[in-house]
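Beneath this line is the structure, given in structure tokens, with notes to follow.
Computed over heavy atoms, backbone and side chain alike; hydrogens, waters and symmetry mates excluded. Both counts, for ligands and for their atoms, begin at 1 and track the order of listing.
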Amino acid sequence: MKDRASQTAAMVAAARALGAQLPPQAQLAADPDGFRFVHPTIAAALRERGAFTAALRLPGPLRRWIVYMQVRTRVIDDALREFVAAGGRQVLLLGAGYDCRAHRLAEHLEGAAVFEVDHPATQRRKRKILDSSTQPRGAARYLPWDFERQPMADLPAALAAAGHKASEPTLVVWEGVTMYLTKDAIEATVAAVRVLGSAGSRLVFTYFDRAHVLGQAPWPSRLARAAVAQVGEPWRWGWAPAELPGWLAERRLELVSDTSMPQAAARLLPARWAREVRERAPWRARLAAIGYERIAVTGMG
Ligand SMILES: C[S@@+](CC[C@H](N)C(=O)[O-])C[C@H]1O[C@@H](n2cnc3c(N)ncnc32)[C@H](O)[C@@H]1O
């Protein structure tokens, strides 16, 4: 990513906000702040469409993208709530983007410290928008960091200076980021996470199945890949799900669960809405990449 605020982060935030346009049985997380990070004209158009169009009549790809983002957000929200309920008091959002968990889940996070580490350009824009807001802000502590250009080995010390305690458990969330990084940045980030996470810590991350995203993917994935490359954020990395447990074990991380989006949707949504997130045969796929993202939860002993 170049020195520009992430555009994919704005798209994801808008998709989360649009969840409010779904019928109640399909809503899994509310993110009213999400619209604030997209261009005001686009935000107004999206709001208008939501207000005047029944959710079922939203264009198919947009509807699937919104439902999918509800599922992804909820799985990670649940992991955070579980961690805090078990006594965890430190949350670290790596590549936080416009994720507003710090104040969206403020009620659950009371007494916990939330650290946000992100590309300097994205974080600058986020802070500017939140600072100009009259809405209450969460208690995030911000640390600008470029995973590709700054030494990740220095991150634990920088976090310590911001108040992070490596001796206490941390929930590290790396949502929608791994696919944008190089192999070197992935390795360096995981090594840094291992240093700053004590026993009882967790790393929750989403990733793309390498075969579908980096190999000979079906055409909708290739289209999506071309679109993100066009905005300067090409997909670069994925894991083969079968190889992930071994890869993590070599880095002293234990895979606790690895869930596909369709599996998570089937668990969280009524069948009619879970179908929106199912994997489709390539010739029927509309936004194939959504079926190929997975959510991994790992433990640190
Ligand atoms: C698709 S967004 C996801 C944002 C957020 N985690 C979410 O799910 O809403 C990708 C994020 O990765 C961050 N990112 C990409 N490359 C990065 C890099 N080299 N260093 C730091 N952050 C990076 C972007 O700034 C952006 O916030």
Check: Taking 4.0 angstrom as the limit, do D3 and R149 come out as a salt bridge?
Finding: yes

Notebook entry, point to check: Between F205 and W239, what is the ring plane arrangement, given parallel below 30°, perpendicular above 60°, and tilted in between?
Noted result: tilted

Check: In chain order, what residues pass the ring pair (Phe, Tyr, Trp, His ring centres under 6.0 Å) check against F83, with sequence neighbours excluded?
Finding: none

Check: Side-chain donor-acceptor pair under 3.5 Å between H164 and T170, yes or no?
Finding: yes

Check: Does any N/O atom on L94 come nearer than 3.5 Å to any N/O atom on ligand 1?
Finding: no

Item checked: Sidechain N-carboxylate O distance under 4.0 Å for E168, R89 -> no

Note to self: Test of understanding: given a 4.0 Å heavy-atom threshold, classify the contact between A9 and ligand 1 as side chain, backbone, both, or neither.
What the structure shows: both

Notebook entry, point to check: Which atoms from ligand 1 have a heavy atom of Y180 less than 4.0 Å away?
Noted result: 1 (C)

Check: In ligand 1, which numbered atoms sit nearer than 4.0 Å to a non-hydrogen atom of W145?
Finding: 20 (N), 21 (C)

Check: If you count the atoms of ligand 1 from 1 in the order shown, which ones are under 4.0 Å from a heavy atom of E148?
Finding: 19 (N)

Note to self: Can you list everything that forms a side-chain contact (heavy atoms from CB on, under 4.5 Å) with Q25? Sequence neighbours excluded, please.
What the structure shows: P23, P270, W273

Check: With atoms numbered from 1 as shown, which atoms in ligand 1 lie under 4.0 angstrom from a non-hydrogen atom of V177?
Finding: 12 (O)

Note to self: Closer than 4.0 Å to some heavy atom of R72 - which atoms of ligand 1 meet that?
What the structure shows: 8 (O)

Notebook entry, point to check: In terms of atom number and element, which parts of ligand 1 are under 4.0 angstrom from non-hydrogen atoms of D146?
Noted result: 18 (C), 19 (N), 20 (N)

Check: Backbone or side chain, does any N or O of T122 fall under 3.5 Å from an N or O of ligand 1?
Finding: yes

Next item on the list: Decide whether an N or O pair under 3.5 Å exists between E175 and ligand 1.
Entry: yes

Next item on the list: Just jot down the ligand 1 atoms closer than 4.0 angstrom to any heavy atom of G176, in number order.
Entry: 1 (C), 2 (S), 3 (C), 10 (C)

Next item on the list: Compare A96, A185, G95 and give the one whose heavy atom is closest to atom 11 (C) of ligand 1.
Entry: G95

Notebook entry, point to check: Under 3.5 Å, is there a donor-acceptor pair between the D31 and Y98 side chains?
Noted result: no

Notebook entry, point to check: Is any side-chain N of the basic residue among R63 and E276 closer than 4.0 Å to the acidic one's carboxylate O?
Noted result: yes

Notebook entry, point to check: Of all the atoms in ligand 1, which lie at a distance below 4.0 Å from a heavy atom belonging to R16?
Noted result: 7 (C), 8 (O), 9 (O)

Notebook entry, point to check: Would you call D77 and R104 a salt bridge, using N to O less than 4.0 angstrom?
Noted result: yes

